[in-house]
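A short worksheet on the structure shown next.
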Amino acid sequence: MMLGLHDLSVARGGRPVLSGLSLALAPGQALILRGPNGVGKTTLLRTIAGLQPPFAGQVDCAPETVAYAAHSDGLKPTLTVAENLRFWAAIFGTRDINPALAAYDLAPLAERPAGMLSAGQKRRLGLARLMVTNRPLWALDEPTVSLDTTAVAQFATVLRDHLGQGGAALIATHIDLGITADTLDLGPYRAAPDRGDAFDDAFEDWA
Amino acid sequence: MMLGLHDLSVARGGRPVLSGLSLALAPGQALILRGPNGVGKTTLLRTIAGLQPPFAGQVDCAPETVAYAAHSDGLKPTLTVAENLRFWAAIFGTRDINPALAAYDLAPLAERPAGMLSAGQKRRLGLARLMVTNRPLWALDEPTVSLDTTAVAQFATVLRDHLGQGGAALIATHIDLGITADTLDLGPYRAAPDRGDAFDDAFEDWA
Amino acid sequence: MSVDLGKYATTVLSAYAASLVLLALLVAVTFWRGRKIRARMTALDATKSKARSDAAH
Amino acid sequence: MSLWQYANPRKFLATSERVLPALWAGAVLCLLVGLTWGFAFTPDDYRQGSTVKIIYLHVPSALMAINAWLMMLVASLVWLVRRHHVSALAARAAAPVGATMTVIALATGAIWGQPMWGTWWAWDPRLTSFLILFLFYLGYIALWSSIDQPDTAADLTSVLCLVGSVFAILSRYAVNFWNQGLHQGASLSLDKEENVADVFYHPLLICIAGFVLLFLALVLYRTGTEIRARRIRALLLRQGAEV
Amino acid sequence: MRALLKRDLTLALRAGGGFGLGLAFFLIVTVMVPFAIGPQPELLARIAPGVLWIGALLACLLSLDRLLALDWEDGSLDLLATAPLPLETAMATKALAHWLTTGLPLTVAAPLLGVLLHLPAPGHLWLTLSLALGTPALSMIGTFGAALTVGLKRGGLLLSLLVLPLYVPTLIFGAELARRGAEGLATQTPMLMLAGLTLGTCALLPFASAAALRISLR
Amino acid sequence: MRALLKRDLTLALRAGGGFGLGLAFFLIVTVMVPFAIGPQPELLARIAPGVLWIGALLACLLSLDRLLALDWEDGSLDLLATAPLPLETAMATKALAHWLTTGLPLTVAAPLLGVLLHLPAPGHLWLTLSLALGTPALSMIGTFGAALTVGLKRGGLLLSLLVLPLYVPTLIFGAELARRGAEGLATQTPMLMLAGLTLGTCALLPFASAAALRISLR
Ligand code: HEM
Ligand SMILES: Nc1ncnc2c1ncn2[C@@H]1O[C@H](COP(=O)(O)OP(=O)(O)OP(=O)(O)O)[C@@H](O)[C@H]1O
Ligand SMILES: Nc1ncnc2c1ncn2[C@@H]1O[C@H](COP(=O)(O)OP(=O)(O)OP(=O)(O)O)[C@@H](O)[C@H]1O
Ligand SMILES: [Mg+2]
Ligand SMILES: [Mg+2]
């Protein structure tokens, strides 16, 4: 198993947003997270990536297996596309960036500074980064924002390959990705609004 | 007529990206701009909003009639939702922000600092800003990014109202907005790749 | 020809040396960058005209 | 035939290619003659001893330091008003040359000051305003090199050059007010010729001519480099566009 | 215009006590000086007006960095540039807000810090006066520098490099006024120059700032 | 780690001459001092070591602002925190890159600026030595401060407030060392203290920085 969540609650700004979430993700499986704005998708993905501790419950997965892609892409505008990618490849101990460039058709842009890309081109570079991490579990926050249909198809291909090689993916999105995968609606797990953290609880029934 | 483009070319970084574009937009009309990543949608909208000069050709519309909404929303994270909106209302000489809050269901969040909103909630606030500008022509760059289906529907309603009151809209997007409107594919207007600006042209056939 | 600079020899010589070195540096950097850019442009133009003639065939 | 035809980069490059050899030759010749004459064949000053020979480097570089800024100012104005790219690039090309001239003036002055005033540096108004001029050069160069859109960079640096010139003049007055100095008055003006004896005057004029020619040659050559760099940028961008 | 001023002031207040921070920086710089120079009172008294002016100048400088950069990052500046408010007015307003949040508190607090540096008593009045006359020019010039560098990464240091040479005349006349005041010399010339400088910058620089900003946004 | 160092240095170089800017700021502060204080050589000579140390300190301080903030804004920091590189190593590397781009050039340039302030000749060597010993500590402490304030808007001034008090011991010993050196007094004690301080911060602060960063990112 790649990832297991056991009765997990996650909090943002000290206030729980999701609670009682349990799920398991096996290699080769992708799960799409859906839910209205503000339900806590980003918070959940950050918790799984190890960027914030769970509020309650347990995340069963080593942070070293997760590659996280956030709303922003972590690109340096003054470095070229190839340099950006090569940096992340070096950090994650990968050598070859060419497959990643090829998969998102970035080779013609390789020598262009990342600051001179359009919104969608930046996003493609951000997604290419995932391919040089060599990590099995991808936690993606709205990966296809700003992408055109060709690029969405490229992403779907890359994702299928990743799953085919025994990887797994957890994807938060509002739009159709063109891949077949299970969908989890987070709406039902919304935390009861009147529970604070342990400290705030002490104030309950004060008035 | 709200907006007329006559044989317009727009440039980014001194290099033309779109050329030979002509169109007219009448009150009550919306036009959806489509095209692959990097074709120049953002550049076109910025030119129409008067943020950059046309490269060639002419834009027929007073900049004072355009309300522009970019990839980023211009929100101050430390101001509350209501304060953010009230500021723009004051700048554009509008009094009442309540219709805007109501249209995007922001009233419950009105006193929350904008920095504590999720990606989609921020976007809703960004869209609500358009309603306080009181300007007839909306130039929107991927307005529904990060929005859930409810919010997309709210946006469609607001847009229909705006058009019904004699407004017009120019919308760049990759995804379905759920409104009926003409679509313009920008692909055919892509500028010939080997034309620079007047200065660079002087070099042509150097070798 | 010998020039007697008297007790200020170091002063005068170092002033001349410093200025000439600075000027030489400026000229060297100018030429170095000029050459590099010129070569780069010639190379780019070559690939471009090659691509063009390839396309013509 | 108007001067503006050289706003065309190809025309500019073709012409500068023809003019440059003559400029280089003239510069080298004048500098060789002037410096040799000044260094080897002029007498020592009765007060300053042999240090007076520094004047052949100090004064021309000081003059060029100021004139380079003036040239940049004019070029910036031409760019802002008529939008001729070569003009903006010429301003860019001149800045490092002017900065180097300023450094030479400062360095020779400092070296000269050691025996004359007993100190490397004094907060004399003339010296101080040169230091400020150097800072202006630095800021100007830094602004150019941190903007990657060429036209934006040209516009912003031109605005900076304009505003900076006003403040440079203000600084000059402020500094004068702040500290009356040790430095020699200007004595090169023709009607005050007696201040600098003829023996020093002629080689000095030749050196000044040499510095002017050198400046022109450097700026023309560097402008050509900038133009080519600009074209490389355009070609690269076009390659990117052929996706 | 009122709305913009109000917003900028609110933002300064919210973001961890905007007024306080510039002041605190000023305080710290002043306190560091004796650590670095040594504690001799008569030495400190001599350099006090100058040190306080440099401290004020640096405090202004540091807060410039975010004057426009934040608005640029979140897209507000694009929106402001397309708003009905003339960009020149917006720039002047921003400079005013900057002065109210840094220059004014510095002016008010300076005499207090003068005590720390053993500034002689008559000097306090002149110090305050010179800061009151000079700091508006600092804000105006700073806004111009910020408009030039908005949108450039690494704006902070570049901004300092551009702005500091422009600060030279203000600093010289300001410090000269404070010093002459403290030593009981004639103060008229520097005072007039300082006032003229401030009026000139307030009248002209908003136009330069707006022009620079329009270019930067392009 | 090599990759991170290389990237940070490349970024510093690309962004309009990273090395140059810190230096330029140092130069400007030094030049401003006589404008504010007055041009008397013997007065300037007395305060020179202190002024140069404060200038170096402020140059370090100003460049801190962007040390982590840029990486945070574009999301790199989130990604770095989830990368296989230990965050402690990453912080130490960032501090090293910061030192190489600011502390080192400052140290090299300081004697030149000493000339401007009429620092007596033997003082130059001691000034360089004290800066070489002290600036690594400044970079380390600064990285810690940056980690504490990353993600807060208006980081610039807040960062100064947090970091400056932490800089006090380094400043005191460093300036003392330079001053004693210039005046020909015994230098052993401040030298040992300064070296100890630097070693201590280099050994311990990366852990504190990494911890602070983890909390800030949360
Ligand atoms: C370190 C900084 C110095 C700077 C920036 C500097 C700057 C200048 C400038 C700008 C000029 C041209 C003035 C003109 O022709 O109107 C000049 C001329 C001159 N300087 Fe300096 N100077 C410096 C130091 C010195 C020193 C130390 C001496 C000698 C004691 C000196 C002696 C002269 C002389 C003799 C002239 C020629 C004046 C004349 O007759 O035109 N300068 N300097
Ligand atoms: N700062 C810049 N300098 C130079 N070229 C740029 C810059 N920003 C974008 N470009 C280029 O200009 C072209 C048009 O970009 P633009 O942002 O208008 O595209 P877009 O249609 O909005 O794309 P997207 O759908 O990805 O947002 C692209 O090819 C892009 O690479
Ligand atoms: N910095 C913050 N401090 C406090 N609360 C926050 C903060 N950021 C977001 N929130 C709140 O936490 C909740 C969850 O936010 P989160 O960003 O996880 O939502 P999301 O599901 O990713 O939404 P979206 O689809 O809009 O991106 C939201 O209700 C939001 O208002
Ligand atoms: Mg989200
Ligand atoms: Mg776009």
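In what follows, chains carry the letters A, B, and so on, assigned in the order in which the sequence lines appear, proteins first and then strands, with residues in each chain numbered from 1.
Of the atoms belonging to Leu52(E), not a single heavy atom falls under 4.5 Å from chain F. Contacts of Leu27(E) with chain F are absent, with no heavy-atom separation under 4.5 Å from either backbone or side chain. With a 4.5 Å cut-off on non-hydrogen atoms, Val31(E) does not touch chain F at all. Heavy atoms of Ile54(F) lying under 4.5 Å from chain E belong exclusively to its side chain. Both the backbone and the side chain of Leu164(F) come within contact range of chain E, judged by heavy atoms closer than 4.5 Å. Only the side chain of Gln40(E) has a heavy atom closer than 4.5 Å to any heavy atom of chain F.
No more than 12 heavy atoms of other residues, nucleotides or ligands sit less than 6.0 Å from atom CD of Gln188(E).
In this structure, CG on Leu58(F) lies 6.0 Å from CG on Leu58(E), to the nearest 0.5 angstrom.
Side-chain atoms of Arg179(E) come within 3.5 Å of backbone atoms of Ala36(F) as a donor-acceptor pair (strictly under, hydrogens ignored).
Between Val33(E) and Val51(F) the shortest side-chain heavy-atom distance does not fall below 4.5 Å. Side-chain contact between Leu43(F) and Leu43(E) is present, with at least one heavy-atom pair separated by less than 4.5 Å.
What you find for Leu57(F) and Met32(E) is that their closest heavy atoms are CD2-SD, 4.4 Å.
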